[in-house]
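The model shown is predicted, which means the values in this text are computed figures rather than measured ones. Below, all heavy atoms of this structure are taken into account, side chains as well, without hydrogens, waters or symmetry copies.
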Amino acid sequence: MLEKAKDRARERDIVVLGMTGVLAEVNLAFAGLQQALRPLMKLAKALPPRQQSALLNAFGLGEEAAEPPDVWLVALATLTLLTESATHKPILLVVDDAQWLDEATRDVLSFVSRRLSADSIVLLLALREGFSLPFGLLDIRAPDLSGKLRDRFLKEAAGNPLALVELPHNLRTEDDGEAPWLPLTERLERTFSSRLSGLPGATQMLLNVAAENDGTSLHEILRAGEVLLAQNIGVDALAPAASAQLIDLDAMQVRFRHPLVRSAIHRTADVATRQRVHSALAAVIEDQDRRLWHRAAATVGPDDDLAAELDLMASRAQSRGANTMAMEVLQIAAKLSSTAKARRERFLQAAEIATDLGRPGLLEHLLREAEVEPSYRLGGARVGWCREMSQPLMVNDLGRISALVNLADQARAAGAKDLASNLLWRAAQRCWWSNAGSELRASVLTAARSLELSELDPRGIAISAYSDPLRRSSEVYAGLKLLSQKGGHDPHVARILGSTANVIGAFDLGVSFLAESTAGLRKQGRIGNLARALFAQAWAEMEVGDWIGARREAEEAARFAEETGSAVWTAAATIVKAQLAGMQGRLEQAETCATEAERLVLSTGASFLLAMLQLGRGITAIGAGRHLEAFEHLQRLFAPADPAFNSGLQFFALADFVEAAVYSDHSQDARKLIDEVERVSDPDPVPWVATMLCMAWLRSPV
C-alpha cells in the first residue's frame, strides 16, 4: 500500500520523503528523521540560526554542542523545512514501521502532524499490528506526573518497562526531573550495572569516562583514558563493553545502549574517581565551555578565577538562549566562590533565571542558598521580584500591588532603576487584572513618575496603560504609534507593546506589534511564550475584523498552551474561538467553546478571562436576537460582587451592553454606563474608545 501511494504521488509530481523504523536504531535519537529530511538539507541554510543549529546538531552535522539539541527546536526546524518546501511542490511523507522509530523522531512527527492542516503535505504512517508506542505503563504507575517529568522518564527509560515502573519512586521534588542525573532505585542500579564487574579494569575506567563526558567522541574518551591510566589506549579496550551490550561503538562515537546504563555507571563510581575523570576530560577537550565544565567538576574547594570564567560561560549560554545551562553554571560558580558576597550574587542571578524558566521549587532553593542578609539594601527587592514572578498574575491579590510599589522604592533608592521599572510594570498589570481602586492605581503612577523614564520606554508606556487605560489612553497611544514606526523590536518588548495596545483598544497597533513578536519567538524557538503572544494577536485580529487570522492564531495558541501545560492560555484562546463562532452565527459551536473555556477559567481564578467570556457570550446572544440573555451576561462585568467583574474590560463591552439594555427594557442602565465611561475617559479618546462611545449613543434612546 505504501509503495502504491509513493508511485501515485510521483505520477502527480509530488515530492516523496520517507523514513522506516529500524529496531537496531530505536535508541539513536533522530535516526528516523534524518532519513526523511536528507533530500531537504540543502534548504537548511535558510533556517533561522537557532533552528539550523539544532537540526544540524541533531544529525551530527554541526559543531559539537555543549548540550543535546532541543527537540522543540528540531521539531520547529523540521516544520519550517517541510512547509517552505511544500510552497514549491506538494509533499508526501511516508513512515513505515513506526513502532521502531526512535523517541525523538516520534516527538517531532507528533509536533509536525498537528500543524499540517493548511499546507500541501500529507503524512502517511504505518504501524505493525500488535504494536503500540510505550506510553501507557508510566501513566498507569504514576498518573499525576507533570508533563516535564513524564517526558524525562520516557526519555531515560527508553521503553524499558522496569525503568518506567521504578524511576518515579525516588523522586523527591518536581525539580529533580531536570537534575543531570536521575536518582535510581537500588533495583534499577543493580539491573543496569550488573555487567560491569566482570570487565577489565581499563574497560571499566573508559566507561567511567564515557559516562561523565558530555559528548560521545571516541577520540576524547580514549585520550582521557590515556591521561588516567598513563598508557596508550586503543579502541580494542572498549570491545568487552560492546560485547556485553553496554555500548554501541563505531569509528567516531561511543553511545550507551540504554541511557540508564550511563546513570548506573555514574552512581557506582566514587567521588574521587569522578573528579579524576573530569580532570582528564578537561585536559583533552578543546571546546572552551565544555573544558570549563569539566574543570569545575574536578575542583574541590574555592577557586575565584575559575568562578569568574564560569560567569562568562553563563553569559555566553544566555546569549544563545541556553538559560537552563546558564543557571546551572552560575550555581557551580557560586559554590566555587570564596566570599559570601560573590556566592550570594551568583545564586541570586541563578534564581532570576529560574524565575524566567517558571521553576518555583528550584527558585526557593536558590534563594535559600543565596542567604540574603537585611544589610544588603537591594536584596529584598531582588528576592521580592523573583517570588512575584513565580506567582500567577491572574490571582486577585490587591495587597501585592502595595508590596510591589514598596519594593520598587527600595530598588530605586539602591540605584537599580531597571529593577524598579520591572516591579512597577508588574504592579500595573496587577491593577488591571485585579480591579484595583483609584488610590492603588495612583500610587503606581506616582512611583513610575519618580523614575523619570523615557517617554518611549516600553515599560513606562505599559505602566500608564495598565494603571489607567481610559484616562491615559492618548499619551499611551501616541507613544505606541512612535514605537510602531521604528520596528525591529525584541520579541519580548514587542509582546509588551502589543498587549499594551490591546489594553487601550488600539488593536490596529496591537496586530502589528504582536505579529512581530510571534515571528521573533518562532525564530528564537521560545515556545513557552508563544501561547500568550498568539492569544493576544488573535484578540487583536478579531477586533480589527481579520477573523480568519484570529481563528488561526487562536487555534495555534490553544495547541501550544496544551503542550506546555498552561490552562490559562488554553482558556484564553478558547474564549476567542467562542466569540468568533458567535459573531459568525455558529451558535452551537460558540456555546461548546464557551463551556470548555468556563471550566478552565474557573480553575484558574482569572476574573479578566471570565469577563472576556461573558462579553463573548453577550455578543453571541445579541447576534441571535436574545437581548435579555445578552444583558444578563454583560451586566456581570459591572457588578462588583460578581466573579466576572473587571473594570479594565468594561469599556470594551460598552456598545454591546447599551444595545442589550435598550432592547431588554433597561435603558436607564445604558445611560448610566455611557455617562460613567465619558466621565473617566481621556478628553481626546483613542479611536476605539471614541467609536464605542459613538455607537453607544447611536444605540441609546434620545
Side-chain angles (χ1 to χ4, degrees), residues 502-505 507-508 510-511 535-555 557-558 571-598 600-601 606-639 642-667 669-670 673-674 677 687-700:
N502 285 2
V503 164
I504 65 165
F507 292 109
D508 53 335
V511 167
F535 152 69
Q537 184 179 354
W539 181 21
E541 287 172 341
M542 177 177 67
E543 298 294 356
V544 300
D546 181 5
W547 290 356
I548 294 175
R551 184 169 183 82
R552 178 183 63 239
E553 266 66 80
E555 288 180 344
T574 307
I575 289 169
V576 173
K577 290 163 64 177
Q579 187 167 335
L580 282 168
M583 291 190 295
Q584 294 172 330
R586 293 181 280 113
L587 305 183
E588 185 175 342
Q589 182 180 352
E591 184 52 35
T592 299
C593 289
T595 301
E596 173 61 15
E598 186 171 39
L600 293 167
V601 169
S607 68
F608 159 70
L609 293 181
L610 193 55
M612 193 173 183
L613 175 61
Q614 292 308 117
L615 175 56
R617 279 178 159 159
I619 291 171
T620 299
I622 288 174
R626 303 194 297 263
H627 288 91
L628 179 58
E629 178 188 331
F631 178 79
E632 291 170 348
H633 285 308
L634 295 171
Q635 71 172 347
R636 294 184 60 187
L637 278 70
F638 304 93
D642 195 289
F645 173 74
N646 187 275
S647 56
L649 206 65
Q650 288 171 354
F651 75 88
F652 291 96
L654 175 61
D656 297 299
F657 180 83
V658 169
E659 179 175 344
V662 168
Y663 284 95
S664 62
D665 297 326
H666 293 87
S667 299
D669 294 293
L673 179 58
I674 294 173
V677 172
W688 176 267
V689 178
T691 301
M692 289 297 101
L693 283 168
C694 181
M695 291 175 64
W697 276 115
L698 289 173
R699 292 173 179 177
S700 67

Item to check | Exercise: identify the closest heavy-atom pair between Leu693 and Leu654 | outcome: CD2-CD2, 3.7 Å

Item to check | Qualifying residue, where the test is side-chain contact (heavy atoms from CB on, under 4.5 Å) with Arg617 and the options are Leu613, Leu615, Ile619 | outcome: Leu613

Checklist entry - Say you draw a straight line from CD of Gln584 to CH2 of Trp547; how long is it, rounded to the nearest 0.5 Å? => result 5.5 Å

Next on the checklist: Quick test of your reading of the model: are Glu596 and Lys577 salt-bridged, counting only N-O distances below 4.0 Å?
Outcome noted: no

Checklist entry - Do side-chain atoms of Glu541 reach the backbone of Val511 as a donor and acceptor pair under 3.5 angstrom? => result no

Next on the checklist: Nearest 0.5 Å, please: how far is CZ in Phe535 from OG1 in Thr574?
Outcome noted: 10.5 Å

Checklist entry - Roughly how far apart are Phe507 CZ and Met542 CE, rounded to 0.5 Å? => result 7.5 Å

Checklist outcome for this item: With His666 as partner, the option from Phe638, Phe631, Phe657 fulfilling ring-ring contact (aromatic ring centres under 6.0 Å, His included) is Phe631

Checklist entry - What's the shortest heavy-atom distance between Ala573 and Ala558, and which atoms? => result CB-N, 3.7 Å

Checklist entry - Looking at CG of Asp546 and CZ of Arg552, how far apart are the two atoms once the value is rounded to the nearest 0.5 Å? => result 6.5 Å

Item to check | Euclidean distance, Ile622 CD1 relative to Arg626 CZ, rounded to 0.5 Å | outcome: 11.0 Å

Checklist entry - What heavy-atom pair brings Leu637 and His633 nearest, and what distance separates the two atoms? => result CD1-O, 4.1 Å

Item to check | Pairwise distance CD(Glu598) to CD1(Ile575) - rounded to 0.5 angstrom | outcome: 9.5 Å

Checklist entry - Would you say the side chain of Asp669 lies within less than 4.5 Å of the side chain of Gln635, judging by non-hydrogen atoms? => result no

Item to check | Heavy-atom pair with the smallest gap, counting every atom of Gln579 and Gly616 | outcome: OE1-CA, 3.7 Å

Checklist entry - Do you know the tightest heavy-atom contact between Gly510 and Ala540? => result C-CB, 4.2 Å

Checklist entry - What's the shortest heavy-atom distance between Thr620 and Gly582, and which atoms? => result OG1-CA, 3.2 Å

Item to check | Sub-4.5 Å side-chain heavy-atom contact between Arg636 and Pro643 | outcome: yes

Checklist entry - Is it true that the side chains of Thr595 and Glu591 contain a donor and an acceptor less than 3.5 Å apart? => result yes

Next on the checklist: Checking the side chain of Asn502 only, and the main-chain atoms of Ala536 only, is there a donor and an acceptor separated by less than 3.5 Å?
Outcome noted: yes

Next on the checklist: Test side chain to side chain contact (heavy atoms under 4.5 Å, CB included) on His627 and Val662; report intermediate values, then the result.
Outcome noted: CA-CA 9 Å; His627 288 91; Val662 168; over 6 Å; no

